[in-house]
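In what follows, a structure is listed as structure tokens, so that the remarks can point back to it.
Just the heavy atoms: all of them, side chains too, but no hydrogens, waters or symmetry mates, feed the values below. Remember, it's a predicted structure, so these values are computed and weren't measured experimentally. Along the sequence shown, residues are numbered consecutively beginning with 1. Indexing begins at 1, ligand by ligand and atom by atom, following the structure's order.
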Amino acid sequence: MKFYDSLSIELSRPGRKGYSLSGEWSSHMADIPASLCRESAPALPELSEVDVVRHYTNLSQMNFGVDTGFYPLGSCTMKYNPKINEEIASSSAIARLHPLQGPDTAPAAYEILDLTDKALQEITGMAGFTFKPCAGAHGELTGLMIMRTYHLSRGEEARTKVIVPDSAHGTNPASAAVCGLEVVVVKSGEDGLVDVESLRPLLGPDVAGMMMTNPNTLGLFEKNIEQIAALVHECGGLMYYDGANMNPLLGAVRPGDMGFDIMHLNLHKTFSTPHGGGGPGSGPVGVAAPLLPCLGVDSSGFHGNFTVIVKALSYIMMLGKENLALAGRLSTLNANYIKEELRDCYRLPIDSVCKHEFVFDGLINDGGSEGVHGATTLDVAKRLLDYGYHAPTIYFPLLFHQSLMIEPTETESKDTLDAFIAVMKKIAAEAAEDPAMLQGAPHNTPVSRPDETAAARNPILKWQDAVQ
Ligand SMILES: *Cc1c(COP(=O)(O)O)cnc(C)c1O
């Protein structure tokens, strides 16, 4: 049995300790009034120091992160996060600030916000940012509140519809619904881009705006963006840019120049803040000049997750203008390299140059026969774990049945990409020869295939018997 198969409470032995209280401390215990003392000792695990250290060290090694290996999770930008960002953000001058401190006692903190604001303005072409939102989805909600406030300030109550492409990230329609707006879906064409002819009939005096991400979730640049923005503006609507995946556009194209009026960025994707496991994040919202008076909508307190903003500024300043543009280009090059190397083994539903990520639609030869499916995208993702890789994003976007979405980011070397490509080819060969073996993968991990629905719906997060 491996050490980490046990919970700390199971490793517990009566009387085993990792501390010793001196006699002086024990004598102080006598001063505590009896009414405040427990009747019996708490049911805590009884372990030695070395037991505790090994337990948690082993648990930490069961984790997978950007710092342990290649993490091609599409739509997430799992780039390497330079450690200097952490060092700066955790310095006591920053980590010990209080959110109620104003410019009088913490002028440097406000300078950090100001510098980040200016840098983001230059990168995006917007006129100003708010740093309140603590995630991308939170930014969307804030941006839509700004959109609504703007229309209401002009007496246009009827503008309640938000147009969202069928390829959109799920948070887009969700944010619009939370904001009390009505979601209208516009179709993508064969080429994976928003179909302009399907958009025209949806436009009218009830449209608040359109949410788009560019490149879209297929990793494709929406070439008709200027025409789309012109059409939406003509009917009085605003353009919202989901800039969660701004990475490939860094230094190449600015949302402000594409015709967008409101946008959010995910500092925890594009601007290098660790974000596995859910945060903390930062989704600053930027607006074009006419919307600046609406920027102050109340979507949360203070200045959001301040240390994430510090890390983003550290990243931007460390790279500088030239190298930031290189990050965008290299992320695009890396994605296209993998795509072209693997297209003989994996089905490429839309054959075009991608940006920072792309989507396969399953294996070309899945090893199935006569209408029987062989290995699926899930099986490929599970098998990758055996080879020490994090799985790509699977079954998203919803436009295809076997979506496998790969985003390598700019921080990976050609050697890392080549090793990943070799493994993906090997898995494709395994699928053709022995799909059953893939269907049983992963074979080398502590847990193989849990019932994922049950695990998500009924998670058991504590050891039931521990409560006595
Ligand atoms: C990640 C992502 C979001 C949501 O960001 P969160 O910080 O997870 O809320 C929104 N849109 C796109 C395109 C994304 O990739």
Side-chain angles (χ1 to χ4, degrees), residues 66 71-79 81 124 129-145 162 164-179 183 185 188 192-194 209-222 225 239-250 255 258 260 262-286 299-300 304-305 307-309 311-312 328 331 335 354-359 390 392-399 403 405-409:
V66 184
Y71 207 133
L73 193 68
S75 200
C76 289
T77 310
M78 304 301 285
K79 64 170 75 177
N81 309 294
T124 61
F129 276 82
T130 168
F131 290 95
K132 286 186 173 193
C134 296
H138 192 186
E140 291 168 26
L141 177 64
T142 307
L144 290 166
M145 287 165 74
V162 175
V164 176
D166 57 3
S167 63
H169 195 267
T171 50
N172 292 186
S175 301
V178 168
C179 196
V183 178
V185 175
S188 305
L193 306 179
V194 166
M210 176 161 182
M211 297 180 88
M212 279 181 78
T213 180
N214 196 14
N216 63 25
T217 59
L218 293 171
L220 304 175
F221 191 81
E222 297 275 1
I225 187 60
M239 288 294 288
Y240 183 91
Y241 181 69
D242 176 344
N245 299 309
M246 179 77 191
N247 213 32
L249 300 196
L250 288 176
M258 286 190 269
F260 287 97
I262 311 173
M263 67 172 292
H264 79 268
L265 288 163
N266 275 23
L267 297 187
H268 50 291
K269 288 180 182 169
T270 307
F271 297 94
S272 89
T273 288
H275 61 283
S282 175
V285 169
S299 69
S300 77
N305 281 323
T307 55
V308 178
I309 299 159
K311 290 177 208 182
S331 69
C354 66
K355 289 289 170 282
H356 61 304
E357 63 193 357
F358 63 93
V359 181
H390 195 283
T393 294
I394 59 173
Y395 300 106
F396 175 81
L398 308 177
L399 295 174
S403 290
M405 184 187 210
I406 296 174
E407 176 182 11
T409 82

* To do: Taking Glu407 for its side chain and Cys76 for its backbone only, find out whether a donor-acceptor pair lies under 3.5 Å.
  => yes

* Structure fact -> Between the CG atom in Leu267 and the OG atom in Ser282, the distance rounded to the nearest 0.5 Å is 4.0 Å

* **Protein contact of atom 11 (N) of ligand 1 - nearest heavy atom, named by residue and atom, plus distance** => Asp242 OD2, 2.6 Å

* Report yes or no: does a heavy atom of Ser75 sit under 4.0 Å from some atom of ligand 1? => yes

* Structure fact -> A student checking ligand 1 against Ala244 at a 4.0 Å heavy-atom cut-off should list atoms 2 (C), 3 (C), 10 (C), 11 (N), 12 (C), 13 (C), 14 (C), 15 (O)

* **Heavy-atom protein contact below 4.0 Å for atom 5 (O) of ligand 1** => yes

* Structure fact -> Taken to the nearest 0.5 Å, the spacing of Phe131 CZ from Leu265 CG works out to 9.0 Å

* Please round to the nearest 0.5 Å and tell me the distance separating atom CE of Met210 and atom CE of Met239. => 5.5 Å

* To do: Would you mind running through ligand 1 and noting each atom that sits below 4.0 Å from a heavy atom of Glu140?
  => 10 (C), 11 (N)

* To do: Identify which of Met211, His268, Lys269 has a heavy atom lying nearest to atom 14 (C) of ligand 1.
  => Lys269

* Measure the CE-NE2 distance between Met78 and His390 for me, rounded to the nearest 0.5 Å. => 6.5 Å

* Asked: Can you list the ligand 1 atoms lying under 4.0 Å from a non-hydrogen atom of Thr171?
  -> 3 (C), 10 (C), 11 (N)

* To do: Verify ring pair (Phe, Tyr, Trp, His ring centres under 6.0 Å) between Phe396 and His169, making sure each step is shown before the conclusion.
  => CA-CA 9 Å; Phe396 175 81; His169 195 267; 5.7 Å; yes

* Flag Asn172 as yes when one of its N or O atoms lies below 3.5 Å from any N or O atom of ligand 1, and as no otherwise. => no

* If you measure every N/O of Ala137 against every N/O of ligand 1, is any gap under 3.5 Å? -> yes

* Asked: Judging by distance only, is a nitrogen or oxygen of Thr217 under 3.5 angstrom from one on ligand 1?
  -> no

* Could an N or O of ligand 1 be found under 3.5 Å from any N or O of Ala135, whether backbone or side chain? -> no

* How many angstroms lie between atom NE2 of His264 and atom CG of Asp242, to the nearest 0.5 angstrom? -> 4.0 Å

* Hey, what do you get for OG (Ser75) to CD1 (Ile406), rounding to the nearest 0.5 Å? -> 14.0 Å

